[in-house]
Protein chains: 2
Amino acid sequence: MRPKNLAKEEAIRTVALQIITEEGLENLSMQRLAKAANVSPRTIYIKYENKEDFLIKLFIEEVLGAYEQAVLENFSPELGFAEGVKKIWLNTFQYLTQNRPSFALLQYGKSSPLLNQAYQKAGIRQGQFFAPIHRFLESHTAAGLIRNFPPDVHRALLFSPLLDLISEYFDYQSRPTQLITEDLVLACCEAVTKGMLT
Amino acid sequence: MRPKNLAKEEAIRTVALQIITEEGLENLSMQRLAKAANVSPRTIYIKYENKEDFLIKLFIEEVLGAYEQAVLENFSPELGFAEGVKKIWLNTFQYLTQNRPSFALLQYGKSSPLLNQAYQKAGIRQGQFFAPIHRFLESHTAAGLIRNFPPDVHRALLFSPLLDLISEYFDYQSRPTQLITEDLVLACCEAVTKGMLT
DNA sequence: TTTATTAGTAAATAAACGTTTACTTATTTA
DNA sequence: TAAATAAGTAAACGTTTATTTACTAATAAA
């Protein structure tokens, strides 16, 4: 049996992320992807059932896993609230600003019905993903340190401003000076943290 | 000269918003839109140059204008900080939860390169849009009441959690009970407000 | 070394895409 | 009432889409 050429599989995935980042998800076609990855269209269909299957697997296996790992690096649910939130913010900011394709796909996950399905499947809102953060928030809530909100609401308050700042980071990347610096992000982190306290 | 049939123009726009809301921007094709609006494809091209022109005008003229008006209703830059933020939050929450197509298009504006252009064109980040809110934030910053951040950053802290909560509102709409109530939103508003104070 | 089996290719498929062509209809104005 | 003109239609345009067909290439097991 002829063995799989793993380099081709990888080329398909990385070229796909490149096209999505530079020209948007709507400009990624299977034929174009195949040509850019120096591969026959049929080769993509060896591993993936169809385009939808490909995108969902690209999202879950290539993006979400690495993202979660980066965000949780050196984080522990036992950390103090301010310290834990700061760690999460710094990890997220540093990882996503250095991995634009991941950020682009995460943003698409919020609007595209197709990728939104993948989100649900990955259990982001159910807390299977980022479980340590879930526990972290629950324990500090139980201790009465932070306001008693449902987990989804905690997540909205904690993460959405940060993702918005990262979006602005990329907007300003094409201009003479960068508005969104790490110091500024840490100041925002402090503001968000303070607001959540009881 | 044969007069324009305004009902057809309106049908095109409302049917487009319907399709985008229910099946996503990526499933809106000109031929499909024409058929669903009971119109010949050519009719769309009487008013709009091409698909891009149509979407941008739909976004700016149909969505952004009404959205800004709703958000700013009974708002004044002279209001106290907590009071002003609360008014904005309530206006936004009430309007967008009742106008899902507007919310859907606003979300697409963040990921789709095409609509993102429209955002920039409308000057959302430059403060031409929502100018009263811009003045509101500037004066309270100058007075030393809230932290001294750039306007884009203020906007990220203030609005992004709210939009995330509205997104969750729609997620929960298909389930037995609604998680995101007006009371909960107001409690979050209080948290965000508190965090922004110096 | 042959056979079986999967990887991979080039080219083709039907369907859908955005847009246009060729034409008809409805209305105003002269 | 007739001429002028823009609105609107049905059908088609060439292109691109996702996917498949028919085939070749490469390797492991026999």
Side-chain angles (χ1 to χ4, degrees), chain A residues 1-20 22-59 61-62 105 108 111-118, chain B residues 1-20 22-62 105 108 112-118:
Chain A
M1 174 176 91
R2 180 176 176 177
K4 231 177 260 208
N5 186 342
L6 293 175
K8 292 198 175 178
E9 277 192 10
E10 207 195 315
I12 291 169
R13 289 195 300 266
T14 61
V15 167
L17 289 174
Q18 234 169 69
I19 294 177
I20 292 171
E22 287 162 16
E23 306 188 45
L25 185 56
E26 52 269 57
N27 289 307
L28 180 79
S29 81
M30 299 304 261
Q31 289 182 129
R32 210 187 140 184
L33 171 58
K35 185 166 275 185
N38 263 310
V39 139
S40 160
R42 185 70 184 80
T43 304
I44 305 175
Y45 289 89
I46 292 171
K47 181 144 197 228
Y48 306 100
E49 240 180 81
N50 50 40
K51 188 180 185 180
E52 183 170 334
D53 183 49
F54 169 66
L55 287 176
I56 287 180
K57 284 184 175 150
L58 183 74
F59 184 52
E61 291 166 16
E62 201 78 359
L105 262 187
Y108 272 110
S111 53
S112 147
L114 200 157
L115 287 184
N116 202 25
Q117 251 184 289
Chain B
M1 173 175 93
R2 180 175 176 178
K4 232 177 258 208
N5 187 340
L6 293 174
K8 291 196 176 180
E9 276 192 12
E10 206 196 315
I12 291 169
R13 290 194 299 267
T14 62
V15 167
L17 288 174
Q18 232 170 69
I19 294 177
I20 293 171
E22 286 161 16
E23 307 188 46
L25 185 57
E26 53 268 56
N27 289 307
L28 180 81
S29 81
M30 299 304 261
Q31 288 183 123
R32 212 189 138 181
L33 171 57
K35 185 166 275 184
N38 264 311
V39 138
S40 160
R42 184 72 182 79
T43 305
I44 305 175
Y45 289 89
I46 292 171
K47 180 143 198 229
Y48 307 99
E49 238 181 82
N50 48 39
K51 188 179 185 181
E52 185 171 331
D53 182 50
F54 170 66
L55 286 176
I56 288 180
K57 283 184 175 149
L58 184 74
F59 185 51
I60 293 184
E61 290 166 18
E62 200 78 359
L105 261 187
Y108 271 110
S112 149
L114 199 157
L115 287 185
N116 203 25
Q117 253 184 287

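In what follows, every heavy atom counts, from backbone to side chain, and hydrogens, waters and symmetry copies are set aside. Reminder, nothing fancy here: chain letters follow the sequence lines and each chain counts from 1. Predicted model, so just to flag it, every value in this text is computed and none were measured.
Heavy atoms of A/Leu28 sit under 4.0 angstrom from primed sugar atoms or phosphate atoms, though from no base atom.
Atoms NZ (B/Lys51) and P (D/dT15) sit 19 Å apart, rounded to a whole Å. Atom P of nucleotide C/dT13 and atom OH of A/Tyr45 are separated by 17 Å, given to the nearest angstrom. The NZ atom of A/Lys35 sits 15 Å away from the C1' atom of D/dA18 (whole-angstrom rounding). What separates CG of B/Asn5 from P of C/dT28 is a distance of 13 Å, to the nearest Å. Between the CZ atom of A/Phe54 and the C1' atom of D/dT19 there is a distance of 15 Å, given to the nearest Å. When the C1' atom of C/dG18 is taken as reference, atom NZ of B/Lys47 falls 20 Å away, rounded to whole Å. C/dA16 atom P lies 21 Å from atom CD of A/Glu26, rounded to whole Å. A straight line from CD1 of B/Ile12 to P of D/dA7 spans 12 Å, rounded to a whole angstrom.
Nearest-nucleotide assignment on DNA chain D puts the 5′-proximal partner with A/Met30, out of A/Met30 and A/Arg42.
When all heavy atoms are compared, the tightest approach of A/Leu33 to A/Ile12 is CD1-O, 3.5 Å.
Remark: C/dA30 base-pairs with D/dT1. Criterion, Watson-Crick or G-U wobble with two distances under 3.5 Å.
Considering only side-chain N and O atoms, B/Ser29 lies under 4.0 angstrom from the phosphate OP1 or OP2 of C/dC17. Between B/Lys8 and D/dT9, a side-chain N or O to OP1/OP2 separation shorter than 4.0 Å is present.
Ranking D/dG8, C/dT19, D/dT19 by closeness to the B/Gln31 side chain, first place goes to C/dT19. Distance from the side chain of A/Lys4 is smallest for C/dG8 among the nucleotides C/dG18, C/dG8, D/dT19. Side chain of A/Ser40, nearest nucleotide from C/dA10, D/dA7, C/dT19: C/dA10.
Separating the CG atom in A/Asn27 from the CD atom in A/Glu22 is a distance of 11.5 Å, to the nearest 0.5 Å.
Using a distance-only test at 3.5 Å, with no hydrogens or angles considered, a donor-acceptor pair links the side chain of A/Thr14 to the main chain of A/Glu10.
The pair A/Arg32-A/Glu23 meets the salt-bridge criterion, since a charged nitrogen lies less than 4.0 angstrom from a carboxylate oxygen.
A side-chain donor from one of B/Glu26 and B/Tyr108 sits under 3.5 Å from a side-chain acceptor of the other.
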